[in-house]
Engineer: 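One structure coming up, written as structure tokens, with questions to follow.
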Amino acid sequence: MSQVITPQLREWIISQAQAGFPADTVLKSMLASGWQEDVAIQAMESTLQEHLKATQQAAALPTPMTVPELAVEDSPLYLQLEDRKVSVLTAMSDPNIVVIGNFLSDEECDGLIEGAKPRMARSLTVETKSGGEELNADRTSNGMFYARAENELIARIERRLAQLTRWPVENGEGLQILHYHPGAEYKPHYDYFDPHEPGTPTILKRGGQRVATIIMYLHEPEAGGGTVFPDVRLTVAPKKGHAVFFSYNRAHPITKSLHGGEPVVRGQKWVATKWLREGKFT
Ligand code: PD2
Ligand code: ZN
């Protein structure tokens, strides 16, 4: 009969290793208490390898940064910003995700799309190997960037975003517009720059790490196209005029900030994305 490696056995193996017993001594004790040799060896190998990986990952945790936080401590239903009253629809603390209603008017959504249309091209993502830009198979949308304060509409939305997030306008990247046709998606990813990629130091010279993202929905599809957070199994519906804010205080998966754009099933989806940096984005 085959023996099963139990969580208790794994814990015991780790405790023996931590107490300083050599591998062959631990193995002998396991055999003496009735474990089959092949099972005992496999249990030791897999347990100790996983334990080593986990401790190495913990040791490599980057130090947390100060990140933007919305003024939702006392669970307000609305936030009165200088030029607009917006709704707080959903708030989650870990990860910090806040869904905002009525963030943009229909006219603002349409204006962002019309201004972007003549400038759309297949989306590029920042290429972390060199710090340049590249076509990315994980992102099948089309896109463009507005320069910061490029026109009155952009400047107004950027001021509103700065009030919402209590984060300086100067720390924001230019607004990015994305257009998804049916079938187009953005596979789950992190928006921060991977510290292990060779191009990251170059990217970080322009304002440091990204610390938060706001995705604004400009045109809603008929089906599909939600923004998903797989670590907490949350899907934000891509409702026109709504926005989703989320922050990540270090460049590490423990932030649970993994997120993606689900494939559009029917209709067209347009979004505007604002990324906020630690410092002034130049
Ligand atoms: O369009 C989206 O839902 C989406 C999903 C994930 C956009 C982004 N990421 C992004 O622009 O970073
Ligand atoms: Zn993203």
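All ligand and atom numbering here is 1-based and tracks the order in the structure.
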Engineer: Is the closest side-chain donor-acceptor distance between Gln209 and Glu278 under 3.5 Å?
Structural biologist: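 No, Glu278 and Gln209 have no side-chain donor paired with an acceptor closer than 3.5 Å.
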Engineer: Quick one: pull up OG in Ser46 and CD1 in Ile13 and give me the separation to the nearest 0.5 Å.
Structural biologist: 7.0 Å
Engineer: Below 3.5 Å, can you tabulate the donor-acceptor pairs from side chains in residues 213-226 to any protein atom, sequence neighbours excluded?
Structural biologist:
{"from": "Thr213", "atom 1": "OG1", "to": "Asp191", "atom 2": "OD2", "distance (Å)": "2.7"}
{"from": "Thr213", "atom 1": "OG1", "to": "Tyr248", "atom 2": "OH", "distance (Å)": "2.6"}
{"from": "Tyr217", "atom 1": "OH", "to": "Thr227", "atom 2": "OG1", "distance (Å)": "2.7"}
{"from": "His219", "atom 1": "ND1", "to": "Gln268", "atom 2": "O", "distance (Å)": "2.9"}
{"from": "Glu220", "atom 1": "OE1", "to": "Lys239", "atom 2": "NZ", "distance (Å)": "3.4"}
{"from": "Glu220", "atom 1": "OE1", "to": "Lys240", "atom 2": "N", "distance (Å)": "2.7"}

Engineer: Before accepting this row, confirm whether a basic side-chain N of the pair Arg206/Glu173 lies closer than 4.0 Å to the acidic partner's carboxylate O.
Structural biologist: no
Engineer: Examine His242 together with Phe103 and report whether their ring centres are nearer than 6.0 Å.
Structural biologist: no
Engineer: I'd like to know if Glu170 pairs up with Arg148 as an ion pair, taking the criterion as any Lys NZ or Arg NE/NH1/NH2 lying under 4.0 Å from an Asp or Glu carboxylate oxygen.
Structural biologist: no
Engineer: Check each protein residue for a heavy atom under 4.0 Å from ligand 1 and list those that pass, ordered by chain and number.
Structural biologist: Gln176, Leu178, Tyr180, Tyr186, His189, Asp191, Ile215, Thr227, His259, Gly260, Gly261, Lys269, Val271, Thr273, Trp275
Engineer: Parallel, tilted or perpendicular: which fits the ring planes of Trp275 and Phe145, with parallel below 30° and perpendicular above 60°?
Structural biologist: tilted
Engineer: Listing residue and atom name, which protein N/O/S atoms are closer to the Zn ion (ligand 2) than 2.8 Å?
Structural biologist: His189 NE2, Asp191 OD1, His259 NE2
Engineer: Under the 4.5 Å side-chain heavy-atom rule for ILVMFWY, direct or indirect, which residues accompany Leu77?
Structural biologist: Tyr78
Engineer: Which of these passes side chain to side chain contact (heavy atoms under 4.5 Å, CB included) with Leu234: Ile97, Val99, Val244?
Structural biologist: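 The side chain to side chain contact (heavy atoms under 4.5 Å, CB included) with Leu234 is passed solely by Ile97 among Ile97, Val99, Val244.
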